[in-house]
Chemist: 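Handing you a structure now.
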Amino acid sequence: MASNTHSCPQGDSLRVFKGTFIHSTDTDPMKTLDLSILGVNGLGKIVFIETVDKEEELAQKWHFRQEDIRELHPRKEFFIPGLVDTHIHAPQYPNMGSCLDLPLLDWLTKYTFPVEAKFSNLKFAEETYTKVVKRTLSNGTTTACYFATIHTDSTLKLCDVINELGQRAFVGKVCMDLNAVFPVYKELLCESVSETGRFVTELTGRKYPLVKPIVTPRFGLSCSSELLQQLGSFANSNNLHIQSHVSESLEEIEAIKKIFPNCKNYSDVYDKHSLLTDKTVMAHGVYLSDEELELFQRKGVAISHCPNSNTSLCSGLFDARNALNHKVKVGLGTDVSGGYSPSVLNAMRCAIDVTKILSLKSSDYEKLSFQEVFRLATLGGSQALGLDKVTGNFEVGKDFDAVLVKTNVPDSPFEVFPSDSPQDIFEKFLYLGDDRNMVEVYVAGKKVKPFAGS
Ligand code: GUN
Ligand code: FE
């Protein structure tokens, strides 16, 4: 245990950090807590966060000594909450940064189904999944909502790897009983449902504290109505989270209309199959109408905004402002490998850029600020996944999921000048920082970066 450890009423492992903490709240997209002191108990929960003038009082109450405090360097170091990636495909990691020359449906056929089919091989799965989880943790993703593949055992392997490396996650065994374009990569209806049941039972049985199952119909084009129905009723009767894709590209939406002629729109397809709940997160939603956004708001359905992917696959421009104005929960997703970056910082930048492009078309458009995308990447993501009682910011009672940012690492990708205000420094990190600046990452109080043994 680190030297900043001392006996306390919680047991033997109160840790105390002193310095700057930057986070979001419901009322403030970015709040800087300078000269503050934060305590984490042995269970990884934040037990206090106060200004330093309360140090003596806190030291008496929590029984720590001055020398137990880990002090951050002012201006050069600060904590932010761990980043939340609300949508990422772990098995598409081998393709990340390549295969981006086609639109969604052709991209799925030519590149994506073939790479996912390889995950029937457990050894390949374990090796690849270890790489992707290390990569996302290294980039400050403390919570991720993963799609895996149709293969139950290799999806369980992904859960083992995530648990081992200490990330918080939802993991979905992908369900798809239709695939005319790449028929070796699909399941039978009964198999898809029974394997989802087996996946949930086995994962629950492993009692991993931070890794939970999520029911995952791939999207309307790869699931029969019967499969959607059975997954909806399975998720609802077991109180499970649900993820899928919705209204990502125009070509996809046209195909949906043909297959589900009795549904009013794409959202109605999911709604008719009981898949829109307050535990549902839907990726993209680029073309959702105001009426569909109202439905999402009423049902408590969240949107995972994946701006890099939407641009990379030329899917479209998601109007985040309109979704937020409709009071829909919005988080950010990398959507690797439709998105080419595993970094939620990149998702923040792309999300700003998309609203800047939208503002070119309409001069009164209210762009997203860097403070707002920071909230989407942290508190917003935790709300989208129904985890905001546990993570998302530095409130007392939440788990300590955090990234220690260091601006002056020797190979830092940006410069800090004496004239920079603390806000300038944070903005430079948001636009230019990367994993080199994320020197330590904590999930539920446990240091998960640097990796054990490295
Ligand atoms: N729609 C259905 N499957 C996928 C996928 O793997 N990626 C993206 N971006 N959209 C999808
Ligand atoms: Fe996706």
Side-chain angles (χ1 to χ4, degrees), residues 85-119 132 136 144-151 155 170-182 185-187 192 214 216-224 227-228 231 242-256 259 266-267 269-270 275 280-288 302-318 331-342 344 347 350 384-385:
D85 186 346
T86 57
H87 184 78
I88 172 165
H89 297 260
Q92 296 174 17
Y93 190 65
N95 286 355
M96 188 177 78
S98 65
C99 309
L100 293 166
D101 58 333
L102 293 175
L104 176 67
L105 300 183
D106 298 328
W107 172 84
L108 283 170
T109 309
K110 183 166 176 194
Y111 305 120
T112 304
F113 295 141
V115 75
E116 290 191 19
K118 290 189 191 174
F119 285 75
V132 67
T136 55
C145 189
Y146 288 106
F147 274 58
T149 61
I150 62 172
H151 315 100
T155 303
F170 284 106
V171 178
K173 184 211 89 69
V174 168
C175 295
M176 45 193 291
D177 64 342
L178 302 176
N179 194 348
V181 293
F182 195 77
Y185 189 57
K186 69 170 178 182
E187 317 155 279
S192 189
I214 182 163
T216 305
R218 184 175 203 120
F219 71 149
L221 297 183
S222 56
C223 299
S224 64
L227 179 56
L228 293 175
L231 293 175
I242 298 167
Q243 63 178 347
S244 192
H245 299 88
V246 72
S247 284
E248 179 176 358
S249 85
L250 291 172
E251 193 186 3
E252 171 204 21
I253 294 167
E254 280 313 305
I256 286 284
I259 303 180
Y266 202 158
S267 303
V269 172
Y270 293 131
L275 288 159
T280 303
V281 56
M282 285 284 167
H284 306 292
V286 175
Y287 297 98
L288 292 176
I303 295 175
S304 171
H305 173 30
C306 305
N308 186 316
S309 169
N310 294 337
T311 307
S312 293
L313 300 181
C314 295
S315 301
L317 300 167
F318 174 70
L332 296 181
T334 60
D335 196 25
V336 165
S337 66
Y340 59 74
S341 170
V344 177
C350 292
L385 299 178

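Counting starts at 1 for both ligands and their atoms, following the listed order.
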Chemist: Work out which heavy atom in Tyr270 is nearest to a heavy atom in Gly220; give both atom names and the distance.
Modeler: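 In terms of heavy atoms, the two residues are closest at OH-N, 3.2 Å.
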Chemist: Starting from the Fe ion (ligand 2), look over the N/O/S atoms of His89 and name the nearest one.
Modeler: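 Result for His89 and the Fe ion (ligand 2): NE2.
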Chemist: Quick one: does Gln92 get an N or O within less than 3.5 Å of an N or O on ligand 1?
Modeler: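 Yes - when backbone and side-chain N and O of Gln92 are compared with those of ligand 1, one distance drops under 3.5 Å.
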Chemist: Answer yes or no for Cys306: is there an N/O/S atom below the 2.8 Å cut-off from the Fe ion (ligand 2)?
Modeler: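 Short answer: no, not a single N, O or S atom is under the cut-off.
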Chemist: What protein heavy atom is closest to atom 9 (N) of ligand 1, reported as residue, atom name and distance in Å?
Modeler: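 Minimum-distance protein heavy atom for atom 9 (N) of ligand 1 reads Asp335 OD2, 2.7 Å.
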Chemist: Closest non-hydrogen protein atom to atom 7 (N) of ligand 1, residue and atom name please, with distance?
Modeler: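 Looking only at protein heavy atoms, the one closest to atom 7 (N) of ligand 1 is Trp107 CZ3, 3.4 Å.
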Chemist: Kindly identify the option in Arg218, Glu248, Glu116 whose heavy atom sits closest to atom 3 (N) of ligand 1.
Modeler: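 Looking at heavy atoms only, the winner is Arg218.
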Chemist: Going by atom types only, do His305 and His284 share a side-chain donor-acceptor pair under 3.5 Å?
Modeler: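 Judged by distance alone, the side chains do not pair up.
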Chemist: Which pair of non-hydrogen atoms, one from Cys223 and one from Arg218, has the smallest distance, and what is that distance?
Modeler: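 Closest pair (atom of Cys223, atom of Arg218, distance): SG-N, 3.8 Å.
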Chemist: Closest to the Fe ion (ligand 2), which N/O/S atom of Asp335 is it?
Modeler: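 The closest N, O or S atom of Asp335 to the Fe ion (ligand 2) is OD1.
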Chemist: Flag His284 as yes if one of its N/O/S atoms falls below 2.8 Å of the Fe ion (ligand 2), otherwise no.
Modeler: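 Looking at His284, which is the residue asked about, there is no N, O or S atom under 2.8 Å from the Fe ion (ligand 2).
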Chemist: Quick check: closest heavy atoms across Leu100 and Gly338, and the distance to 0.1 Å?
Modeler: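 Looks like CD2-O, 3.6 Å.
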Chemist: Please determine whether Glu248 has a backbone or side-chain N, O or S atom lying under 2.8 Å from the Fe ion (ligand 2).
Modeler: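 No, outside the cut-off.
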Chemist: State, without any angle test, whether Ser315 and Ser249 hold a side-chain donor-acceptor pair at a distance under 3.5 Å.
Modeler: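 There is no such pair between these side chains.
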Chemist: Below 4.0 Å, non-hydrogen atoms only: which portion of Leu108 touches ligand 1? Side chain, backbone, both or neither.
Modeler: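 Only the side chain of Leu108 comes within reach of ligand 1.
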Chemist: Can you name the atoms of ligand 1, numbered from 1 with element, that are less than 4.0 Å from a heavy atom of His284?
Modeler: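 Counting atoms of ligand 1 from 1, those under 4.0 Å from His284 are 9 (N).
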Chemist: Determine the minimum heavy-atom distance between Ile253 and Tyr266, stating which atoms define it.
Modeler: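 Scanning both residues, the minimum pair turns out to be CG1-CD1, 4.1 Å.
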Chemist: Ignoring hydrogens and angles, state whether a donor on the side chain of Asp335 or Tyr340 is under 3.5 Å from an acceptor on the partner side chain.
Modeler: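 There is no such pair (donor and acceptor under 3.5 Å, judged by atom type) between the side chains of Asp335 and Tyr340.
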Chemist: Looking at Phe219, which atoms of ligand 1 are within less than 4.0 Å of one of its heavy atoms?
Modeler: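 Selected atoms, number and element: 1 (N), 2 (C).
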Chemist: Using only heavy-atom distances, determine whether the side chains of Ser224 and Asp177 contain a donor-acceptor pair under 3.5 Å.
Modeler: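 Yes - a donor-acceptor pair under 3.5 Å links their side chains.
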Chemist: Quick check on contacts: which atoms of ligand 1 are under 4.0 angstrom from a heavy atom of Leu104?
Modeler: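 Selected atoms, number and element: 8 (C), 10 (N), 11 (C).
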Chemist: Only one of Thr136, Asp85, Thr216 clears side chain to side chain donor-acceptor pair (under 3.5 Å) with Tyr146; which?
Modeler: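 For Tyr146, the side chain to side chain donor-acceptor pair (under 3.5 Å) check succeeds only for Thr136.
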